[in-house]
Each structure stands twice: as structure tokens, then as C-alpha cells.
Amino acid sequence: MVLGRLATAVKRAVLELQEYCRLVGQVARGITTRPIYARDLVEQFDLIGIGSLTVVVLTGLFTGMVLALQSGMTLDQFGARSVVGRLVGASMVKELGPVLTALMVTGRVGSGIAAELGSMVVTEQIAALRALGTDPIRKLVVPRVVAGTLMVPVLTIVSDAVGVVGGLIISTTQLQVAASVYWSNVFDGLYIDDVWMGLIKPFVLGFLLVSIGCHVGLRAKGGTQGVGRATTAAVVTGSVAVLVADFLVTKVLIAFLY
């Protein structure tokens, strides 16, 4: 009985992975060939980018503030409070900025995409698009994947900048570190390889979280309850994928950049 359930679960997981890879192939073909739905693409830039700006700014700000506060207390034990800027800058740019931004976008955008596409599936709007001769992958998935892949890096840069400013606020008001000393340590602690790592990661994470949301949404079934399950699955799967991909991409980039 247990082995049968395990075999069924493995078979289902392999099937889902196969369908996801098939969707990625269709997206790649849709990006490189016509027609291209430019209006839908611009709309998704606004929904994913501008729509996520508030939550990303708040996340980056308070992450930088708490990072400076906690690290300042630890550095005090070694008499190195003045180098808090080096720790905040490197941590935000290399790791916390990309990962936290991707997780926030997953919670907001990934779930929304899964719910929207899942509702279209269960109400047979996707079937209607096919009946009218429109490829739903090109019309619905490609603009979202392209927008997510390009906007998550932009949001990450905003999060990094706001996080460093948040660290500055705490350093000057709570830790009594001069602003000039803080900024000097931020720039001294960052190397070009660190910047490249912080810029390459978001492209991979953005593609993953949006494509997973689209895949889960298009696979929804079972009416409104199925849409709810798809939304939950999109957030959970997307968040886990972001963390796993972050580790794998970090390993690869360390091997090539350092």
C-alpha cells in the first residue's frame, strides 16, 4: 500500500515536471516567433513591476534596518561597529535582496497568476481562446514570463538600495556610526563579482516564480476549489523553487566568478 502510494506520487511529480518543461519550451518558442502581444506585455510590466513596488520597498527597508541593528550588536563584541555598512551592503546585494524580493513577488504575483489562469481554465475561457485560433501560451503566458523575468531584477535593485538606506538610518541613529563611515564601508565591502551575483540571480528567480505560477494555473481543475488549490500550490512550489534555485545558482556563480 505504502509503496503503491509512493510510486503514484513519484509518477505524478515526474508528469508535472514533464509538463512544466513542455511549457518552458512553448514559452521559448513564443518569445522568438510572432505574433507578439506587446500591449499585454506592457500591462504585465505594470502589474508585476509597479504593482509589487510597495511591498518590495517595505521588505527591503526593514530588512536592512534589522540587519544593521542585529549585526551592530554582534560587531560590538569585537569592537568593529564601524564596519556594519560592509556587512549590510554585501548581505543585501549578494543574498537577501534577490531572495526576499523573489519571495515577496512569489506571494503577490505568483499566486495572482495561478488564480487568474486557473479561473480562466475552469470557466473554459482558455478553451474559447483556442477555439478562436489564439494560442493561450503566447497570449497569456509569454507576456507574464517576460515581464517577470525582467522586472524582478529591477525590483531587486530597488530593494538593495532601500535596504542599504535602511541600514544607514539605524547606523546613524542607533549605532552612532557616521554616515560617511557607513557609505565608505558599503563601497569598500562590495566587489564587482558581488554585484554580478546580485544581478544574475534575479533573472533566474523571476523566470522560475512566474513560469511556475503559469504552469500551476493552467493545470488547475475541479472548479473554484481547484483554483484555491492551484493558488496555494503556486506559492508553496514557487517559494521552494526560489530557495533551491538560489543555492544552485550561487554554487555555479561562485565557481565561475570567484
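FYI, side chains are in, hydrogens and waters are out, and symmetry mates aren't considered; it's all heavy atoms of this structure. In this chain, residues are counted from 1 in sequence order.
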Practice item. Take Val158 and Leu53, measure what side-chain contact (heavy atoms from CB on, under 4.5 Å) needs, and give me the verdict at the end. Key: CA-CA 8 Å; Val158 173; Leu53 192 59; 4.0 Å; yes
Do you reckon [X] sits in the same ILVMFWY cluster as [Y], going by side-chain contacts under 4.5 Å, direct or chained?
{"X": "Val204", "Y": "Tyr20", "answer": "yes"}
{"X": "Met92", "Y": "Trp183", "answer": "yes"}
{"X": "Val242", "Y": "Val235", "answer": "no"}
{"X": "Ile31", "Y": "Val141", "answer": "yes"}
{"X": "Leu17", "Y": "Val14", "answer": "no"}

Taking every non-hydrogen atom, the tightest pair across [X] and [Y]:
{"X": "Lys201", "Y": "Pro98", "value": "CB-CB, 4.2 Å"}
{"X": "Ala241", "Y": "Ile212", "value": "CB-CD1, 3.5 Å"}
{"X": "Val216", "Y": "Ala230", "value": "CG1-O, 3.1 Å"}

Could you tell me which residues satisfy salt bridge (charged side-chain N to carboxylate O under 4.0 Å, His left out) with [X], sequence neighbours excluded, listed by chain and number?
{"X": "Arg138", "result": "Asp135"}
{"X": "Glu124", "result": "none"}
{"X": "Arg86", "result": "none"}
{"X": "Arg22", "result": "Glu19"}

As an exercise, state the distance from [atom1] of [X] to [atom2] of [Y], rounded to the nearest 0.5 Å.
{"X": "Met120", "Y": "Ile126", "atom1": "CE", "atom2": "CD1", "answer": "4.5 Å"}
{"X": "Leu23", "Y": "Arg219", "atom1": "CG", "atom2": "CZ", "answer": "10.5 Å"}
{"X": "Lys11", "Y": "Thr8", "atom1": "NZ", "atom2": "OG1", "answer": "6.0 Å"}
{"X": "Leu205", "Y": "Thr106", "atom1": "CG", "atom2": "OG1", "answer": "8.5 Å"}
{"X": "Cys214", "Y": "Gln26", "atom1": "SG", "atom2": "CD", "answer": "12.0 Å"}

Side-chain donor-acceptor pairs under 3.5 Å in residues 111-119, sequence neighbours left out?
residue : atom : partner : partner atom : Å
Ser111  : OG   : Gly107  : O            : 2.6
Ser111  : OG   : Arg108  : O            : 3.4
Glu116  : OE1  : Arg144  : NH2          : 3.1
Glu116  : OE2  : Arg144  : NH2          : 3.0
Ser119  : OG   : Ala115  : O            : 2.8

Please list, one pair per line, the donor and acceptor atoms closer than 3.5 Å that link side chains of residues 186-200 to other protein atoms, with sequence neighbours excluded.
residue : atom : partner : partner atom : Å
Asp188  : OD2  : Ser184  : OG           : 3.4
Asp194  : OD1  : Tyr258  : OH           : 2.4
Asp194  : OD2  : Tyr191  : N            : 3.2

Practice item. Step through the shown structure and confirm whether more than 12 heavy atoms of other residues, nucleotides or ligands are within 6.0 Å of CD on Gln125. Key: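 Yes, CD of Gln125 has more than 12 neighbouring heavy atoms, counting only those of other groups under 6.0 Å.
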Do [X] and [Y] have side-chain heavy atoms sitting under 4.5 Å apart?
{"X": "Pro143", "Y": "Arg39", "result": "no"}
{"X": "Leu103", "Y": "Leu209", "result": "no"}
{"X": "Val109", "Y": "Ser52", "result": "yes"}
{"X": "Leu129", "Y": "Leu140", "result": "yes"}
{"X": "Val154", "Y": "Pro202", "result": "no"}

Short side-chain to backbone donor-acceptor contact, [X] and [Y], under 3.5 Å:
{"X": "Ser91", "Y": "Leu87", "result": "yes"}
{"X": "Asn185", "Y": "Val181", "result": "yes"}
{"X": "Ser211", "Y": "Leu208", "result": "yes"}

Review point. When you look at Phe207 and Val145, which way does the side-chain contact (heavy atoms from CB on, under 4.5 Å) test go after all the steps?
Key: CA-CA 6 Å; Phe207 174 82; Val145 171; 3.5 Å; yes
Exercise for review: Would you mind listing the cluster partners of Phe256? Hydrophobic ones only (ILVMFWY), side-chain contacts under 4.5 Å, chaining allowed.
Suggested key: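 Traced through the cluster, Phe256 reaches Val252.
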Check your understanding: In the hydrophobic cluster built from side-chain contacts under 4.5 Å, what are the other members alongside Val227?
Key ->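 Same cluster as Val227: Val122.
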Output a table of donor-acceptor pairs, distance under 3.5 Å, between side-chain atoms of residues 65-73 and any protein atom two or more places apart or on a different chain; print 'none' if there are none.
residue : atom : partner : partner atom : Å
Ser71   : OG   : Leu67   : O            : 2.6
Ser71   : OG   : Ala68   : O            : 3.3

Check your understanding: Between Tyr182 and Thr172, does any side-chain donor sit less than 3.5 Å from a side-chain acceptor?
Key ->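 Checked: Tyr182/Thr172 side chains show no N/O donor-acceptor pair below 3.5 Å.
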Check your understanding: Have Lys94 and Thr250 got a donor and an acceptor in their side chains that come within less than 3.5 Å?
Key ->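 Distance-only check fails for Lys94 and Thr250.
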Expected list for residues 55-63: side-chain donor-acceptor pairs under 3.5 angstrom, two or more places apart:
residue : atom : partner : partner atom : Å
Thr59   : OG1  : Val55   : O            : 2.7
Thr63   : OG1  : Thr59   : O            : 2.6

Practice item. Applying ring-ring contact (aromatic ring centres under 6.0 Å, His included), name anything that partners Tyr37, two or more places apart in sequence or on another chain. Key: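 So Tyr37 forms no ring-ring contact (aromatic ring centres under 6.0 Å, His included) with any residue.
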Validation: residues 40-50 side-chain donor-acceptor distances under 3.5 Å, sequence neighbours left out:
residue : atom : partner : partner atom : Å
Asp40   : OD2  : Lys139  : NZ           : 2.9

